Amino acid sequence: QVQLVESGGGLVQAGDSLRLSCTTSGGIFGSYDMGWFRQPPGKEREFVATIRRSGSKDYADSVKGRFTISRDNAQNTVYLQMNSLKPEDTADYYCAARSSVYTSWKYWGQGTQVTVSS
């Protein structure tokens, strides 16, 4: 059973930075595509960024140029560096894992809360 645990959330001011981490266990980290999603208050969960097994990356338009996803296969960890945070980035952030682009996001963490004050 693959387990994902996020950390690094908190309360920051607009313009600040945060780095989220997601550490996995129970699987072969290097064999998974990893993603970050978020759910703003009262809204549906949305895609933020993904980094595939190959290392290729994609971002939501709303975070391009501000957020950077990276992974450390030796540490079984995926990161989300968030710079120039805005109040609209306030959300619960979740990491997820999938076997390939042809499968669903099967494994999810419990989430970490990010609040950006104006």
Side-chain angles (χ1 to χ4, degrees):
Q1 181 73 14
V2 178
Q3 294 185 325
L4 290 73
V5 179
E6 303 96 335
S7 61
L11 172 62
V12 297
Q13 293 186 332
D16 286 351
S17 297
L18 272 178
R19 188 177 79 157
L20 305 183
S21 301
C22 172
T23 301
T24 70
S25 61
I28 304 174
F29 180 77
S31 68
Y32 294 109
D33 292 348
M34 299 300 298
W36 284 98
F37 294 77
R38 66 186 182 186
Q39 185 166 16
K43 297 184 179 180
E44 295 186 351
R45 187 167 57 194
E46 62 187 24
F47 167 77
V48 175
T50 185
I51 182 166
R52 301 177 187 84
R53 293 171 293 174
S54 64
S56 64
K57 305 173 185 180
D58 280 322
Y59 297 92
D61 287 344
S62 59
V63 307
K64 279 181 183 176
R66 299 188 299 122
F67 290 12
T68 302
I69 189 171
S70 61
R71 65 190 297 161
D72 183 339
N73 289 346
Q75 297 296 322
N76 294 341
T77 300
V78 60
Y79 302 99
L80 185 69
Q81 177 66 43
M82 306 186 294
N83 298 330
S84 303
L85 282 162
K86 305 175 181 180
E88 51 263 44
D89 294 318
T90 295
D92 291 325
Y93 283 74
Y94 300 87
C95 71
R98 66 182 182 189
S99 299
S100 77
V101 297
Y102 304 109
T103 62
S104 62
W105 294 98
K106 182 176 181 179
Y107 304 106
W108 293 84
Q110 83 290 347
T112 186
Q113 189 173 62
V114 173
T115 302
V116 184
S117 64
S118 57

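Just so you know, these numbers use all the heavy atoms, side chains as well, and skip hydrogens, waters and symmetry mates. Note that the structure is a prediction, hence the values are computed from the model and not measured. One-based numbering along the sequence shown.
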Task: Least distance between heavy atoms, Arg52 atom then Lys57 atom - done: NH1-N, 4.0 Å
- [ ] Would you name the heavy atoms of Gly35 and Trp105 that are closest together and state the gap between them?
- [x] N-CZ3, 3.4 Å
Task: Nearest-0.5 Å distance that lies between atom CD1 in Ile28 and atom OG in Ser99 - done: 10.0 Å
Open item on the list: With heavy-atom distances below 4.5 Å as the criterion, would you say the side chains of Trp36 and Glu6 are in contact?
Closed with: yes
TODO: Would you check if Thr24 and Tyr107 make a side-chain contact, meaning some heavy-atom pair closer than 4.5 Å?
DONE: no
TODO: State whether Lys64 and Asp61 are salt-bridged, where the test is any N-O pair (Lys NZ or Arg NE/NH1/NH2 against Asp/Glu carboxylate O) under 4.0 Å.
DONE: yes
Task: Main-chain N/O of Thr90 paired with Thr115 side-chain donor or acceptor, under 3.5 Å - done: no
- [ ] For residues Phe67 and Leu85, determine if any side-chain heavy atom of one lies less than 4.5 Å from a side-chain heavy atom of the other.
- [x] yes
Open item on the list: Assigning hydrophobic clusters by single linkage (Ile, Leu, Val, Met, Phe, Trp, Tyr; side-chain heavy-atom cutoff under 4.5 Å), is Val63 placed with Tyr94?
Closed with: no
TODO: Search all heavy atoms of Ala49 against all heavy atoms of Leu80 and return the closest pair with its distance.
DONE: CB-CD1, 4.3 Å
- [ ] Check the surroundings of atom NZ in Lys106: do more than 12 heavy atoms from other residues, nucleotides or ligands lie under 6.0 Å from it?
- [x] no
Task: Closest non-hydrogen atom pair between Ala96 and Phe37, with its separation - done: CB-CE1, 4.0 Å
TODO: With the side chain counted from C-beta on, respond yes when Val114 and Leu20 share a heavy-atom pair under 4.5 Å apart, and no when they do not.
DONE: yes
Open item on the list: Does any part of the side chain of Gln81, heavy atoms only, come nearer than 4.5 Å to the side chain of Ser17, both counted from C-beta?
Closed with: yes
- [ ] Answer yes or no: is there a donor N or O on one side and an acceptor on the other, between the side chain of Tyr59 and the main chain of Ile69, under 3.5 Å?
- [x] yes
Open item on the list: Is it the case that the side chain of Asp33 and the backbone of Arg53 share a donor-acceptor pair, with hydrogens and angles ignored and the cut-off at 3.5 Å?
Closed with: yes
Open item on the list: Does any part of the side chain of Asp89, heavy atoms only, come nearer than 4.5 Å to the side chain of Arg38, both counted from C-beta?
Closed with: yes
Open item on the list: In this structure, would Ile51 and Tyr93 fall into the same cluster of hydrophobic residues linked by side-chain contacts under 4.5 Å?
Closed with: yes
Task: Minimum-distance pair of heavy atoms, taken over all atoms of Gly27 and Val2 - done: CA-CG2, 4.0 Å
Task: Taking every non-hydrogen atom, the tightest pair across Leu4 and Ala97 - done: CD2-N, 4.0 Å
Open item on the list: With rounding to the nearest 0.5 angstrom, report the CD to OG distance, Gln13 to Ser118.
Closed with: 9.0 Å
Task: CZ on Arg19 to OG on Ser70, rounded to 0.5 Å - done: 7.0 Å
- [ ] Evaluate the side-chain proximity of Phe29 to Val78: yes if any heavy-atom separation is below 4.5 Å, no if none is.
- [x] yes
